[in-house]
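Here the structure comes first, spelled out in C-alpha cells, and everything after it is commentary.
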4 protein chains.
Amino acid sequence: MTQARAPRADAVRNRKKILAAARHQITLHGPGVGMDEIAAAAEVAVGTLYRHFPTKTDLVGAVVAESIGEVADDAEAAQERVESGANAMQEVEAFIGRTVEASARDRVVKTAAQALGAASTDTAEEARARAALATLITAAQTSGDLHPDVTVEDFYLLLSTAPSDRPSEARARWLTLTLPGLTSRGRAPHV
Amino acid sequence: MTQARAPRADAVRNRKKILAAARHQITLHGPGVGMDEIAAAAEVAVGTLYRHFPTKTDLVGAVVAESIGEVADDAEAAQERVESGANAMQEVEAFIGRTVEASARDRVVKTAAQALGAASTDTAEEARARAALATLITAAQTSGDLHPDVTVEDFYLLLSTAPSDRPSEARARWLTLTLPGLTSRGRAPHV
Amino acid sequence: MTQARAPRADAVRNRKKILAAARHQITLHGPGVGMDEIAAAAEVAVGTLYRHFPTKTDLVGAVVAESIGEVADDAEAAQERVESGANAMQEVEAFIGRTVEASARDRVVKTAAQALGAASTDTAEEARARAALATLITAAQTSGDLHPDVTVEDFYLLLSTAPSDRPSEARARWLTLTLPGLTSRGRAPHV
Amino acid sequence: MTQARAPRADAVRNRKKILAAARHQITLHGPGVGMDEIAAAAEVAVGTLYRHFPTKTDLVGAVVAESIGEVADDAEAAQERVESGANAMQEVEAFIGRTVEASARDRVVKTAAQALGAASTDTAEEARARAALATLITAAQTSGDLHPDVTVEDFYLLLSTAPSDRPSEARARWLTLTLPGLTSRGRAPHV
DNA sequence: CATGAATGAGTTTTCATTCAT
DNA sequence: GATGAATGAAAACTCATTCAT
C-alpha cells in the first residue's frame, strides 16, 4: 500500500496559486480563457498547470468545487444559528438570498461549468453542503412554514436557475416570485 | 424607388434549409458547432451559408428570432382562446408550461444566443409576443388570480431561468415551485 | 467566315462602365479589390463582368492597356509638336516627367499589373506608343543631346521603375538623378 | 530584475529554420504564400511558426530585417575598405551594383514588404546601414566624383526602384543609365 | 445577354495538450 | 517537479469563378 507521500510545500503553494488565478481569470474574461493565460496569471508554466489538473475540465471543476465549499460553509453556519435558536424559515430564505448573490458575483464560473460540462460535483464538499441543507430544511418544516415536500434537490433546482447574470433588481424580483412556492401557504390547494 | 426584387426561389429554399439545419445542429451539438458542419447538414457550401448570414452571430440570431416567433404564435393563440371565453388563468399557466417545454427542446439555442451575445431580439417578433402576453396578463388579472403587479418582464424572467436543460421531471417540479409566486393567493401577506 | 456581329449597344456601354469602375476601385482600394466590389461599382452583376473579362487577370490587363493607350496619346502629341518645330530634347524630358506623374496617379494599376502578372501588353496600343516614341527618340538624338544608344526599351525600363508610390518630391528627385544618364554629356567617358 | 532567460537551443534552431524557409518560399512563390506552406517547408507545425512570429506581417518583417542586415554588412565592409585606402567612388558604385543583384535574388521579399505594409524598418539594422552609407558617401564626395548633394535617401530611392525583377541585362543597363546622375560630371550644368 | 446565388479550396489564427530539456 | 516550446486539428471567414434562372 504505497502511502501517498505528503505533497511538497511548493506543490501545494502552486496548486493554490493556480486555483486562485483560474477563478480570477474566468470571472474576468469568461470561460474560454486560455490555459496559457491562466498559467501566466498564476506565475506558473502551462506544464505545471497540467501536472495539477490534467484537463481544462478538471481545472474548472476544481474551481466550481471550491465555490460549492463556500456554499457548504454558509449552510453550516446557518444550521448552527438555527441550533442556537434562530428562526429556521428566516435562515432558509436568507441562505437562498445570499447564495443567489454569491453566484451572481461568480456567475462566470457557473457558465464555465455548464459550458464545459464539468462533471457536477466534488463529493466531499457536496456532501457537507447536502447534510447541512437537509438539517436546515427539516428544521424549517418543523418549526416554520416550509412546505413538507421540499427537498435538497428543490433547493438546487432553484439555485441553479437563479438569474445570476441579471442586474440585482431582477434577482430580487426573482426571489419575490420564487420563494412563495417553497411555503405551505403559497402552495395551499385551491379553495 | 428600387423595389426590392423578389428573392429567387432557390435562394429562399436554401435559406430555409440553412435555418433548419442550424437549429438542428445547435440543438444537437451545442453552440460552437462549426459553420462547416451546419453547412454540410444543410447540404450547402459554406459560402452559401455566409451569403445568407454574414456572421455566425447573425445566423444564431436568426435561429433565435425564429424561436421567438413561435412563442409569439403560441401567445396569440392563447389570447384568442381567452377572447372566445377560455379561462385566462388556465391559459397563462398552460402557456408557461408549453414554453418551458419548447425551450427544453431548443435549449441550446438559448445558450447559443447568450454565448454569442446575439443582439437580444428581432423587433417584429418580439413586439408580437409582448403584445399578446400583455393582453393575456390583463385578462388573467381581471378574471383570475394572477397577481396585479405581474408584468411581461416577469414572464420573461421566469422563462429565461427555466431549467431547460434538465429532465422533464425537473421541469415539472420547477413549474410547481414557481407558479404559485404569480398568483395573489400565493403571495398573500403573512397573517 | 462568320463576321463578328457588331456588339450590342448596351454591351458596349457595360464594358465601358466596368473598365471605369475597375480603374476607380483599384486606384482606391488597391489590387485585391474583390470582383464583386468592382461589379457593384459598375452597377452590373458579377456574371456580366465575367462575360466581358473571363478572368480577373484579363480585367486588370485591360485596365493597364487603357493606361498604355493614354501614354501613346501623349507620345504622339509630343511627336507632333516636334514636327511643328518644338525642341525634341525638351519634349523627351517633359514626356518622361508627365508619364511618371500619370503613373503616380494610377499607381495601383501598376502594382495590380505586377501583382497579378498581367500579360505584358495589348498590342494595338503598345504599337502606337512604341512608334511615336521611336520617332521622338530619333529626333532628340539628331537635334539634341539624347545619347545615341538610347532605345524605346530604355524608356520603358526607366518608366517602369519610377517611384510612382512615393511623394512628389521623391519623384522630382528621381528625375534629377535619372535624366542625366540619358544624355551624351551625362554619360561622357571618364577623362 | 528579470534577466531575459537564455532562449532554448531548439527554439533558436527553429527560429532560424523558419526564417530560412520563409525567405525561400517567399522568393519562390511570392508573398501570399500560405503560412502552412512556410511551416511545412521549415519542417515545423504552424503553431510553432506562430509562437515565433505572432503575425504573418511579423514574419515577413523579420525576413526583411534580415535582408537589411545583409545590406548593412556589405556597406560596412565597403567603408572599411575605403578606410584602408580603397577608392571611395569605386566602392560606392560597386556597392550599388551588388545590392541591386542581391535584391534581384531576393526580389519577392521587397514586394512582400510593400504588399504587407510591413513597417518600414527594423531600427537596429537600419541604423547600421545608414551609418555606414553616410560615411561612404562623405568619403566619395571628398575624394571622388560623387555629387555633393547626394544623400543616403538618394541611395535608398535608387535601390528601391531598381528593376529587381528583370533579367540581368536590364539591371546592367539600368546601372549604366542611373549611375551618371550621382556624379558631379554627370549632372554638370548645361554649358 | 444579364443576373446573382452557389461553390469550395484556401487564408490566417487559436488553443488544449504533449514532451524534450 | 517545473519549464515552455512544439504540435496540429479546428474555427471563422474570403473570393475568384461557375451556372441555374
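Worth knowing before you read on, the calculation uses all heavy atoms, side chains too, and leaves out hydrogens, waters and symmetry mates. Just so we're on the same page: letters track the sequence lines, and every chain starts at 1.
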A:K17 atom NZ is separated from F:dG1 atom C1', nearest whole Å, by 14 Å
Taken to the nearest whole Å, CD1/A:I18 to C1'/F:dT3 is 13 Å
Rounded to whole Å, CZ of A:F53 lies from C1' of E:dT17 at a distance of 16 Å
Between the NE2 atom in A:H52 and the NZ atom in A:K16, the distance rounded to the nearest 0.5 Å is 12.0 Å
Note: D:A22 and D:V63 closest approach over all heavy atoms is CB-CG2, 3.8 Å
To the nearest 0.5 Å, atom CG of B:L49 lies from atom CG of B:D36 at 9.0 Å
B:E43 CD to E:dT7 C1', in whole Å, measures 15 Å
In terms of heavy-atom contacts, D:A21 and D:I38 come closest through CB-O, 3.9 Å
* **Short side-chain N/O contact from A:H52 to OP1 or OP2 of F:dG1, under 4.0 Å** => no
One should read off an interatomic distance between B:E43 CD and B:N14 CG, to the nearest 0.5 angstrom, of 10.0 Å
Rounded to whole Å, CZ of A:R15 lies from P of F:dG1 at a distance of 13 Å
Heavy-atom closest pair (C:K17 atom, C:V44 atom, distance to 0.1 Å) is CE-CG2, 4.3 Å
Checklist entry - Reckon B:R51 touches a base, only the sugar-phosphate, or nothing at all at heavy-atom distances under 4.0 Å? => result base
With the side chain defined as heavy atoms from C-beta on, D:T55 is closest, among E:dT13, E:dA2, F:dT17, to E:dT13
By nearest-nucleotide position on DNA chain E, the 5'-leaning member of A:G34 and C:A45 is C:A45
All heavy atoms of B:S160 vs all of A:R166, minimum pair found to be OG-NH2, 3.3 Å
B:M35 CE to E:dA9 P, in whole Å, measures 18 Å
Between B:L49 and C:L49, whichever has its closest DNA chain E nucleotide further toward 5' is C:L49
Item to complete: Keeping the roles fixed (side chain from B:T27, backbone from B:R23), state whether a donor-acceptor pair exists under 3.5 Å.
Response: yes
Taking every heavy atom of C:E66 against every heavy atom of C:L19, the minimum-distance pair comes out as OE2-CD1, 3.7 Å
To the nearest angstrom, the CG-P distance between D:D36 and F:dA9 comes to 11 Å
Regarding the side chain of A:N14, the nearest nucleotide among E:dG8, F:dA2, F:dA6 is F:dA2
To the nearest angstrom, the CG-P distance between B:L59 and F:dA11 comes to 15 Å
Base-pair string, DNA chain F, Watson-Crick plus G-U, cut-off 3.5 Å on both distances, | for inter-strand, is .||||||||||||||||||||
Within the sub-3.5 Å range, which N or O atoms of nucleotides 18-21 of chain F have a protein N or O partner, and how far apart are they?
none

With the side chain defined as heavy atoms from C-beta on, D:T48 is closest, among E:dG8, F:dA11, F:dA6, to F:dA6
Out of F:dA6, E:dT12, E:dT3, minimum distance to the side chain of D:A11 belongs to F:dA6
Assign each of B:V33 and A:V44 the nucleotide of DNA chain F bearing its closest heavy atom; nearer the 5' end lies the nucleotide of A:V44
Tightest non-hydrogen contact, residues A:F53 and A:I18, listed as CE1-CG2, 3.7 Å
